Chemist: 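Dropping a structure here in structure tokens format, bear with me for questions.
First listed ligand is number 1; within each ligand, the first listed atom is number 1. All values reported here derive from a predicted model rather than from experimental measurement.
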Amino acid sequence: MPGRLARILEALKDDDYRVLRAIERNLGRYEYVPAEVVERQSRLPPSRLLRSLRRLSDLKLVRRTLGSVIGYTLTFPGLDALAIRALTAKGVIEELGDVIGAGKESDVYIALTPTGRRVVVKLHREGKAPFHRIRRTRSFAADLNRRSLILWAKLLGEREFKALLELHARGARVPEPIAWNRHAVVQGLVEGAVELYRVPPLTVGEAREALAQVLETVRIAYREAGIVHGDLSEYNVLVAEEDGGVGAYVIDWPQYVYAAEPHASELLERDVRYITRFFRSKYGVEASLEEALAYVRGERGEPPV
Ligand SMILES: Nc1ncnc2c1ncn2[C@@H]1O[C@H](COP(=O)(O)OP(=O)(O)O)[C@@H](O)[C@H]1O
Ligand SMILES: [Mg+2]
């Protein structure tokens, strides 16, 4: 049973994608792209353009403004359609499946590749700090912010994909980066994974193993890739069964900061504090913050667990 996004994609025709692309291309210049610009750049005759715009409006993939000039902007589902279409055209995915995770900041889908492999498609939404705050406090500029949020979501997609590339290449325990288009990041599915905060209770041995794996990944990120996650918690760690033991993966990287940035060391300390505190309070794993920090900074060689 296809989900809402898959059903929308089935309803779209080539003309619709031409119109969506014509709008998208001009979002850097206009709040609402004037109808005349959409017409010229989509190269569609007026009757086909109107039919397409009506369909796109009904599906809520574009939004129209009636100012002195009629204009159009993209919605997030409109951006989703463009990204999924591009990933399909490139042969990265063949079929979009169900939503497997929906945070405030993304919608996460399962998808099938042409060879039948199950992968994850993460579609970024607004959110992830500075922008979030700006929007909340400036309601008068809601439309300006809508456009900017689309550009922001694309930036988050790019950042997350590039972070995963750097980390995965260095053997950190993160999902495999597969592809990126606009705000969409295609990554390996961590099979059978559950977030650490709600995983069925681990044995103490498994908990120690999971913490050691998370700290090792934080260490590789900091020492070798030169980045700090910045939002590490039991919500951004996935745990799966793995050859008789457990495997922990750190996900959700778009807000990373470079190790040389001003707040990096504060963020590193906070990340390590949150995760060691979780393992201490839920599983009684004793790993002191100081020792864990020394390990991830490379000041000691052995993990504290
Ligand atoms: N690679 C993955 N494998 C399996 N599940 C994933 C993967 N990436 C994300 N998820 C699921 O999607 C949820 C949200 O992903 P996350 O990257 O944390 O995005 P958000 O920014 O919305 O928090 C996760 O809690 C998890 O359930
Ligand atoms: Mg998350």
Chemist: Restricting to N, O or S atoms, which atom of Asp252 is closest to the Mg ion (ligand 2)?
Modeler: OD2

Chemist: Is there side-chain contact between Leu20 and Leu74, with at least one heavy-atom pair below 4.5 Å?
Modeler: yes

Chemist: Does Val190 reach ligand 1 with a nitrogen or oxygen that is under 3.5 Å from one of the ligand's nitrogen or oxygen atoms?
Modeler: yes

Chemist: Does Asn236 bring an N, O or S atom to within less than 2.8 Å of the Mg ion (ligand 2)?
Modeler: yes

Chemist: Sort out for me which residue in Arg182, Arg85, Arg125 forms a salt bridge (charged side-chain N to carboxylate O under 4.0 Å, His left out) with Asp80.
Modeler: Arg125

Chemist: Side chains of Arg63 and Tyr32: is there a donor and an acceptor less than 3.5 Å apart?
Modeler: yes

Chemist: Applying the side chain to side chain contact (heavy atoms under 4.5 Å, CB included) criterion to Leu87, which one of Thr113, Asn181, Leu82, Ile178 satisfies it?
Modeler: Asn181

Chemist: Flag the pair Glu216 and Arg173 as a salt bridge only when some basic side-chain nitrogen lies within less than 4.0 angstrom of an acidic carboxylate oxygen.
Modeler: no

Chemist: Do any nitrogen or oxygen atoms of Tyr235 come within less than 3.5 Å of a nitrogen or oxygen of ligand 1?
Modeler: no

Chemist: Side chain to side chain contact (heavy atoms under 4.5 Å, CB included) with Thr73: which of Asn26, Leu27, Val62?
Modeler: Leu27

Chemist: Check this for me: Glu299, atom CD, are more than 12 non-hydrogen atoms of other residues, nucleotides or ligands nearer than 6.0 Å?
Modeler: yes

Chemist: Distance to the ring centre below 6.0 angstrom and angle to the axis at most 45 degrees; does that hold for Arg300 and Tyr295?
Modeler: no

Chemist: Classify the contact between Ala193 and ligand 1 as side chain, backbone, both or neither, using a heavy-atom distance cut-off of under 4.0 Å.
Modeler: neither

Chemist: For the residue pair Phe278 and Tyr283, does the interplanar ring angle fall in the parallel (under 30°), tilted (30 to 60°) or perpendicular (over 60°) class?
Modeler: perpendicular

Chemist: Should you measure from each heavy atom of Glu105, which atoms of ligand 1 turn up under 4.0 Å away?
Modeler: 21 (O), 22 (O)

Chemist: Around atom CD of Glu176, are there more than 12 heavy atoms of other residues, nucleotides or ligands at under 6.0 Å?
Modeler: yes

Chemist: Any N/O/S of Asp231 under 2.8 Å from the Mg ion (ligand 2)?
Modeler: no

Chemist: Of all the atoms in ligand 1, which lie at a distance below 4.0 Å from a heavy atom belonging to Ser106?
Modeler: 19 (O), 20 (P), 21 (O), 22 (O)

Chemist: Determine whether Leu215 and Pro303 make a side-chain contact, defined as any pair of heavy atoms from C-beta on separated by less than 4.5 Å.
Modeler: no

Chemist: Number the atoms of ligand 1 from 1 as they appear, then name those within less than 4.0 Å of a heavy atom of Ile100, with their elements.
Modeler: 5 (N)

Chemist: With heavy atoms under 4.0 Å as the rule, classify the contact between Asp252 and ligand 1 as side chain, backbone, both or neither.
Modeler: both

Chemist: Hey, which atoms in ligand 1 end up nearer than 4.0 Å to a heavy atom of Val108?
Modeler: 9 (C), 10 (N), 12 (O), 14 (C), 15 (O)

Chemist: Out of all atoms in ligand 1, which are within 4.0 Å of some heavy atom of Pro175? Include the element for each.
Modeler: 1 (N)

Chemist: Below the 3.5 angstrom mark, is there an N/O of Lys122, backbone or side chain, next to an N/O of ligand 1?
Modeler: yes

Chemist: Heavy-atom contacts with Asn236 under 4.0 Å: which atoms of ligand 1 show up? List them by number with element.
Modeler: 18 (O)

Chemist: For Leu189, take its heavy atoms, then give the atoms of ligand 1 lying under 4.0 Å from any of them.
Modeler: 3 (N), 4 (C)

Chemist: Which is closest to atom 5 (N) of ligand 1 in terms of heavy atoms, Ile251, Leu238, Leu156?
Modeler: Leu238

Chemist: Considering the heavy atoms of Glu195, write down every atom of ligand 1 situated less than 4.0 Å from one of them.
Modeler: 24 (C), 25 (O), 26 (C), 27 (O)

